[in-house]
Amino acid sequence: MLAPTPRIAHRHLDVDGVRVFYRESLPDRPDAPVLLLLHGFPSGSHQFRGLIDALGSHYRLIAPDHAGFGHTRAPDGFTYTFDRLADITEGFVRGLGLDRFVMYVFDFGAPIGLRVAERHPEWIAGLVVQNGNAYEEGLSDMALGLIGLTPETPGADAAIDGVLTLDGTRSQYETGVADPSLIAPDNWTLDQHFLDLPGRKEAQRSLILDYRSNFERYGDWQAWLRRHTPPTLITWGRNDPFFTEPGARAYLRDLPDAELHLLDTGHFALETHLPEVAPLIADFLDRAWK
């Protein structure tokens, strides 16, 4: 018997001058658990298409594009910092009328989501953490090199621009993956399409240069986790070139009851391990939503 195919809506919501694009599954159950999906660099909400197809008939999955990514449009003069992206995400949640949800944080989505969680712990029914780092030991040498850049660093723009090329984007999908044939090339070509739009590389340079603001707040987020102890599922590609396996294990210091699953893959774990991860998330949603 075939699994039911979800209905998925593609919409926009205006938040503080930003026209936020988002995709949302429409389950038949009005009380279905809600999962807010926060994507990472250099991608967009499209990275969750497979997960939405797998779970969207039973759960309400909502995936916005952050400002500077995907189909979301920010006004001229928008300040691309993680604080501002968290502001927009907070406004997006308010605009949808959400008051409780499980939050999936990945890559850039982790510092954005953890800022929102700090502001509104009452919203957070649980966390799904997938290669979303909040610990110093989770940063590879490559990541530390990027975080260490400042506008005054000689060659900073050139170093960042090297990450924003098609080869750089593709490598983020394929590095650490045993079988690259499992990854559709549509992923990096679509990401690169958006990166090449006017103003997008400038936005990404600003965010990469601002990443040090996240590093400086790791201790605050760790304290928040210890204080609020949200139910947490960790699924982590252990061969990630940016956010390493020790960063996944570090969560257990502050959340000893968290469930940890290490996957033999790279940064975009859903691309290769969706059949393993989707049932874990479904089971977790059922337990965390009670």
Any salt bridge between [X] and [Y], counting N to O under 4.0 Å?
X    : Y    : result
K201 : D196 : yes
D87  : R119 : yes
E122 : R100 : no
E259 : R287 : yes
D210 : R84  : no
D28  : R7   : yes

* Side-chain H-bond candidate by donor/acceptor type, Q130 with T235, under 3.5 Å -> no
* Under 3.5 Å side-chain donor-acceptor pair for Y173 and E271 -> no
* Looking only at heavy atoms, what is the nearest atom pair of V18 and P75, with distance? -> CG2-CD, 3.9 Å
* **I62 to L98 - nearest heavy-atom pair and separation** => CD1-CD1, 4.0 Å
Using the benzene-type ring in the case of Trp, are the ring centres of [X] and [Y] under 6.0 Å apart?
X    : Y    : answer
H12  : Y22  : no
F106 : F48  : no
H267 : F242 : yes

Report whether [X] and [Y] are members of the same hydrophobic cluster (ILVMFWY, side-chain heavy atoms less than 4.5 Å apart, transitive linking).
X    : Y    : value
L26  : F92  : no
L197 : F21  : no
F194 : I112 : no
L164 : L190 : no
I208 : L144 : yes

Under a 3.5 Å distance rule, please check whether [X] uses its side chain to pair with a backbone N or O of [Y] as donor and acceptor.
X    : Y    : result
Y59  : A282 : yes
T72  : D65  : yes
S25  : L61  : yes
H39  : H66  : yes
S171 : G168 : yes

* To do: Evaluate side-chain hydrogen bond (donor to acceptor under 3.5 Å, both in side chains) for R23 paired with H71, printing each intermediate quantity in order.
  => CA-CA 11 Å; R23 22 186 123 230; H71 296 285; 4.8 Å; no
* To do: In sequence, state the C-alpha distance, the side-chain angles, and the governing distance for N133 and Y251, and then conclude on side-chain hydrogen bond (donor to acceptor under 3.5 Å, both in side chains).
  => CA-CA 9 Å; N133 193 58; Y251 277 94; over 6 Å; no
Does any part of the side chain of [Y], heavy atoms only, come nearer than 4.5 Å to the side chain of [X], both counted from C-beta?
X    : Y    : answer
D14  : V20  : no
L51  : I281 : yes
R115 : R217 : yes
S43  : F268 : yes
R238 : R249 : yes

* Structure fact -> Applied to residues 132-143, the salt bridge (charged side-chain N to carboxylate O under 4.0 Å, His left out) test, sequence neighbours excluded, yields E137-R253
* Structure fact -> Sequence neighbours excluded, the answer for salt bridge (Lys or Arg N to Asp or Glu O under 4.0 Å) partners of R212 is none
* Parallel, tilted or perpendicular: rings of W224 and H228 (30°, 60°) -> tilted
* In terms of ring plane angle, is the pair W123 and F101 parallel, tilted or perpendicular, where the classes change at 30° and 60°? -> tilted
* To do: Apply the test side-chain hydrogen bond (donor to acceptor under 3.5 Å, both in side chains) to residues D83 and T81: give CA-CA distance (whole Å), side-chain angles for both, the deciding distance (0.1 Å), then the verdict.
  => CA-CA 5 Å; D83 281 340; T81 65; 5.3 Å; no
* Asked: What pairs with D254 under side chain to side chain contact (heavy atoms under 4.5 Å, CB included), at least two apart in sequence or on another chain?
  -> Y135, Q222, L225, R226
* Do F82 and Y211 pass the ring-ring contact (aromatic ring centres under 6.0 Å, His included) test, and can you show the C-alpha distance, the side-chain angles, and the key distance before you say yes or no? -> CA-CA 8 Å; F82 284 90; Y211 196 91; 5.7 Å; yes
* Derivation and outcome, side-chain hydrogen bond (donor to acceptor under 3.5 Å, both in side chains), residues N187 and Q47 -> CA-CA 7 Å; N187 289 295; Q47 76 169 78; over 6 Å; no
